[in-house]
Protein chains: 2
Amino acid sequence: MFGQIAPGEALTLRGIGREFDVSMTPAREAVQRLVAEGALTMSASGRLATPALTPERIEELAALRALIEVELASRALPRAHMALIDRLQAINTTISEVVANRDAVGYIRANLEFHRTLYLRAQAPAMLAMAETVWLQLGPTMRALYTRLRRSEAPHYHRLIIAALKAGDEPGLRLAVRSDVTQGLKMLVG
Amino acid sequence: MFGQIAPGEALTLRGIGREFDVSMTPAREAVQRLVAEGALTMSASGRLATPALTPERIEELAALRALIEVELASRALPRAHMALIDRLQAINTTISEVVANRDAVGYIRANLEFHRTLYLRAQAPAMLAMAETVWLQLGPTMRALYTRLRRSEAPHYHRLIIAALKAGDEPGLRLAVRSDVTQGLKMLVG
DNA sequence: CATCGCCCCATGTGATCACAAAGCGCATTG
DNA sequence: CAATGCGCTTTGTGATCACATGGGGCGATG
């Protein structure tokens with residue numbers, strides 16, 4: 001999910017087993033889960049690899065993120081109070097620091113934490129799980145994305161999200177979330 | 001997905017293995033997949049059961065269906081041609097027959113085939129996979145639903161969907177799909 | 001008769017083994 | 001020197017086994 005594995009990278013059950021010091025059986029089960037969620041691909045012969053997404057699929061996943069996350073944000077809005085907003089601002093500060101350090105994995109992790117923190121307030125576990133499944137599928141690709149945008153951009157849309165939360169502005173929140181989610185992925189498709 | 005298993009029904013790995021004449025290993029892997037997709041629950045001790053959904057979760061899943069399937073229908077609309085509409089009408093005929101026979105599983109299966117047939121035209125495999133994941137989670141619950149509505153109702157909203165497809169009426173299509181998806185599940189929540 | 005507690009059985013987990021297939025490298029040949 | 005074919009090695013699959021744990025049924029007790 002955090003882009004620690006490059007797109008197209010191959011994995012082996014025995015290798016995973018060695019890495020985590022277990023036998024093939026638990027490695028197989030974990031891998032089966034990830035394949036079911038689309039986070040890993042399995043060739044007809046059973047070879048395992050991280051998926052290299054086509055532009056069409058990236059567009060689809062971005063559209064799914066927009067659909068689901070806008071809804072989650074909208075449901076979180078009435079429940080958002082000051083403690084939540086403070087927490088989101090703290091995460092934003094972390095993001096800025098991480099960006100300064102050129103830490104791609106840290107960036108992705110902190111960015112997703114921002115979103116997850118907001119969406120947890122929606123009290124919609126099934127929707128959140130769906131969103132996280134999409135994040136998982138995009139993980140390896142995100143890495144490629146955030147190494148491409150080299151400028152140390154502060155989380156602009158995150159500030160818009162916080163402002164909309166403070167103002168109780170639902171249309172503004174929906175727009176800000178949609179923009180934040182779509183923004184980065186657009187440049188990978190184009 | 002088709003409601004052949006009642007909500008809350010328990011399953012065992014050895015039982016599944018016997019049923020399909022394989023050992024525990026493939027049964028475990030299949031079950032792991034289904035647990036990952038939310039189609040089965042696993043207690044802390046590892047006991048397997050079909051989930052008994054709370055009203056809140058049903059509402060969530062219905063909202064997800066509405067979000068995703070409206071988008072899929074909308075994407076399918078420009079690609080819909082007469083052969084597709086004919087096929088949808090044929091499925092509708094099947095549904096009417098199945099309803100007359102009080103065949104709940106057949107009803108669910110045919111109903112989902114109607115939706116899948118339409119959504120396949122959207123050329124959006126990731127979205128379709130998401131929708132099917134939701135169907136899977138709702139499967140056992142759907143059965144409870146369609147045994148509850150006892151009247152031999154013809155697929156009303158399906159006809160609206162077909163009409164909107166013929167007319168190229170996108171807002172009408174979105175509304176018809178949302179209504180069809182929400183209609184039944186509403187009565188389970190209330 | 002109801003309730004509580006205990007024990008046995010059934011259940012999931014992880015390891016290991018045998019096997020088939022696929023991929024890769026190397027040697028051979030044109 | 002390049003292309004091709006063969007064989008070894010590595011990979012995933014499925015079965016089986018030993019084990020720990022938890023649940024349900026049965027009996028004892030109030």
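Numbered from 1 within each chain, the chains take letters A, B, ... in sequence-line order.
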Grab the N/O contacts between the protein and nucleotides 5-11 of chain D below 3.5 Å, and write none if there aren't any.
none

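Atom P of nucleotide dT11(C) and atom CD1 of Ile16(B) are separated by 11 Å, given to the nearest angstrom. Atom CE in Met24(A) sits about 10 Å away from atom C1' in dT16(C), given to the nearest Å. Glu29(A) has its CD atom 13 Å from the C1' atom of dG14(D), to the nearest Å.
The main-chain N or O of Glu113(B) is found under 3.5 Å from a side-chain atom of Thr117(B) such that the two form a donor-acceptor pair. No donor-acceptor pair under 3.5 Å is formed between the side chain of Ser74(B) and the backbone N or O of Val70(B).
No hydrogens or angles were tested; on distance alone, nothing pairs the side chain of Arg28(B) with the base of dG14(D) as donor and acceptor under 3.5 Å.
At dG14(C), none of the side-chain N or O atoms of Thr25(A) fall inside 4.0 Å of OP1 or OP2 (strictly under the cut-off).
Note on Ser45(A): only backbone sugar-phosphate atoms sit closer than 4.0 angstrom, heavy atoms only; bases stay farther off. Counting any heavy atom pair closer than 4.0 Å across all strands shown, Met42(B) reaches sugar-phosphate atoms only and no base atom.
We find that Glu59(B) and Arg75(A) are joined by a salt bridge, their nearest charged nitrogen and carboxylate oxygen being less than 4.0 Å apart.
Note on ring orientation: taking the six-membered ring where Trp is involved, the planes of His115(B) and Trp135(B) are perpendicular (angle over 60°, cut-offs 30° and 60°).
Between Gln32(A) and Gln32(B), the side chains place no donor N or O within less than 3.5 Å of an acceptor N or O (distance only, hydrogens not considered).
Within the 4.5 Å cutoff, no side-chain heavy atoms of Glu37(A) are placed close to those of Arg33(B).
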